Amino acid sequence: MAGSLSSSTQGNAISALVSVKMKRDNYLLWSSQLESVMESQELVQFINGSSPPPPEVIIKDGKSEINLEFIVWKRSNRLTLSWIKATISKPILGQIVSCKSAYAAWHTLKKSFRQEVDDSDLVPITMNGLPVECESFVTLISANSSYASFTFSELFDLRKET
């Protein structure tokens with residue numbers, strides 16, 4: 001359940017793997033990078049809700065005892081939560097300081113900062129983000145006076161044809 005990083009590496013790994021701290025204007029970039037790191041370390045289930053906590057106490061041979069699976073879950077959840085907190089800017093940290101789970105923190109940030117992008121906004125965003133190899137495509141589309149009226153799907157279909 002825990003990620004594959006050793007404990008000595010965990011503290012430094014997140015800053016090396018996520019190149020940006022989340023600010024008010026870069027949620028999509030930040031979340032994309034952090035989610036990829038979480039997937040690579042087998043921790044994504046703590047932010048997507050697919051790993052609810054097991055019972056804290058179990059009954060074994062008629063006696064209550066601490067559930068070792070809960071301890072492992074709690075440690076991995078705390079690691080995930082600490083990575084989220086370590087990669088956001090101080091002004092935003094206050095919004096999740098009371099969150100006890102990585103899932104709660106992740107979804108609080110998502111709800112607060114994810115912006116829905118209109119199709120008309122997505123075309124210029126996509127065009128500006130294309131690599132240099134696509135320069136001729138960008139020039140061709142930009143020269144077309146009706147390029148602003150393309151939907152994202154139409155733009156995507158045009159890219160496949162070139």
Side-chain angles (χ1 to χ4, degrees), residues 1-131 151-157 159-160:
M1 179 179 294
S4 60
L5 289 177
S6 70
S7 60
S8 64
T9 307
Q10 290 173 350
N12 297 327
I14 197 63
S15 60
L17 297 172
V18 178
S19 65
V20 295
K21 281 201 174 234
M22 186 190 148
K23 299 176 190 167
R24 297 195 181 283
D25 63 350
N26 67 348
Y27 171 80
L28 290 175
L29 175 62
W30 169 84
S31 65
S32 173
Q33 285 190 359
L34 189 56
E35 190 169 3
S36 293
V37 172
M38 297 294 182
E39 286 175 1
S40 75
Q41 299 306 310
E42 299 175 3
L43 295 169
V44 74
Q45 67 271 22
F46 295 96
I47 60 173
N48 70 15
S50 66
S51 180
E56 191 170 345
V57 177
I58 57 172
I59 306 296
K60 191 172 184 181
D61 298 328
K63 296 179 185 176
S64 293
E65 62 180 59
I66 295 175
N67 185 355
L68 296 179
E69 288 182 20
F70 176 78
I71 292 171
V72 171
W73 179 92
K74 184 176 178 181
R75 181 178 34 226
S76 296
N77 177 65
R78 289 293 182 177
L79 173 64
T80 307
L81 180 58
S82 71
W83 281 9
I84 293 170
K85 289 179 177 180
T87 59
I88 62 175
S89 62
K90 287 181 183 179
I92 296 171
L93 187 57
Q95 293 187 17
I96 63 165
V97 75
S98 64
C99 292
K100 301 296 183 207
S101 74
Y103 178 80
W106 187 261
H107 286 278
T108 297
L109 294 171
K110 184 177 183 178
K111 188 172 136 185
S112 297
F113 295 101
R114 189 178 94 194
Q115 299 173 352
E116 297 299 323
V117 178
D118 290 336
D119 203 44
S120 61
D121 294 331
L122 197 52
V123 171
I125 290 169
T126 303
M127 295 289 284
N128 290 331
L130 290 174
T151 66
F152 182 73
S153 296
E154 291 169 332
L155 181 66
F156 187 76
D157 290 342
R159 170 70 176 110
K160 290 190 295 189

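For this chain, numbers begin at 1 and follow the sequence in order. It should be emphasised that the depicted structure is a prediction, and the values quoted were computed from it without experimental measurement.
Between Met22 and Leu109 the shortest side-chain heavy-atom distance falls below 4.5 Å. Annotation: side chain of Ile92 is in contact with side chain of Phe113 (closest heavy-atom distance under 4.5 Å). Here the side chains of Leu43 and Asn77 are not in contact, with every heavy-atom distance at 4.5 Å or above. For the pair Asn26 and Lys23, the minimum side-chain heavy-atom distance is below 4.5 Å.
With hydrogens and angles ignored, the 3.5 Å screen pairs no side-chain donor or acceptor of Ser76 with any backbone N or O of Trp73. Within the 3.5 Å criterion, the main-chain N or O of Ala86 finds a donor-acceptor partner in the side chain of Lys21. A donor-acceptor contact shorter than 3.5 Å links the side chain of His107 to the backbone of Ile47. A donor-acceptor pair is defined here as one N or O able to donate and one able to accept, closer than 3.5 Å; no such pair exists between the side chain of Asp61 and the backbone of Lys63. The closest donor-acceptor contact from the side chain of Asn67 to the backbone of Glu56 lies at 3.5 Å or more, if one exists at all. A donor-acceptor pair is defined here as one N or O able to donate and one able to accept, closer than 3.5 Å; no such pair exists between the side chain of Ser32 and the backbone of Leu28.
Ring centroid separation for the pair Trp30 and Trp106 comes in under the 6.0 Å cut-off.
Just one of Leu17, Val20, Val37, Ile14 meets the side-chain contact (heavy atoms from CB on, under 4.5 Å) condition when paired with Thr87; it is Ile14.
Considering all non-hydrogen atoms of both residues, Arg24 and Pro91 come closest at NH2-O, 4.1 Å. Between Thr108 and Gln95, the shortest heavy-atom distance links the atoms CG2-O, 3.7 Å. Pairing each heavy atom of Phe70 with each of Pro55, the nearest pair is CB-O, 3.4 Å.
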Begin with the C-alpha distance, continue with both residues' side-chain angles, and end with the deciding distance and a verdict on side chain to side chain contact (heavy atoms under 4.5 Å, CB included) for Ile96 and Ile88.
CA-CA 10 Å; Ile96 63 165; Ile88 62 175; 3.4 Å; yes
So Arg78 and Trp83, side chain to side chain contact (heavy atoms under 4.5 Å, CB included) or not? Walk me through it.
CA-CA 9 Å; Arg78 289 293 182 177; Trp83 281 9; over 6 Å; no
Could you go through Glu35 and Val44, starting from their C-alpha distance and side-chain angles, then the distance that decides it, and tell me whether this counts as side chain to side chain contact (heavy atoms under 4.5 Å, CB included)?
CA-CA 7 Å; Glu35 190 169 3; Val44 74; 4.1 Å; yes
Can you list the steps and then say if Tyr103 with Thr80 is a side chain to side chain contact (heavy atoms under 4.5 Å, CB included)?
CA-CA 9 Å; Tyr103 178 80; Thr80 307; over 6 Å; no
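Atom CD of Glu39 is surrounded by more than 12 heavy atoms from other residues, nucleotides or ligands within 6.0 Å. The environment of CD1 in Ile66 is sparse: at most 12 heavy-atom neighbours from other residues, nucleotides or ligands sit within 6.0 Å.
Atom NZ of Lys85 sits about 14.5 Å away from atom NZ of Lys90, to the nearest 0.5 Å. Atom CZ of Arg114 is separated from atom OG of Ser112 by 12.0 Å, given to the nearest 0.5 angstrom.
Checking Ser19 against Gln33 by side-chain atom types alone, a donor-acceptor pair falls below 3.5 Å.
Every side chain to side chain contact (heavy atoms under 4.5 Å, CB included) that Ala104 has, sequence neighbours left out, goes to Cys99, Ser101.
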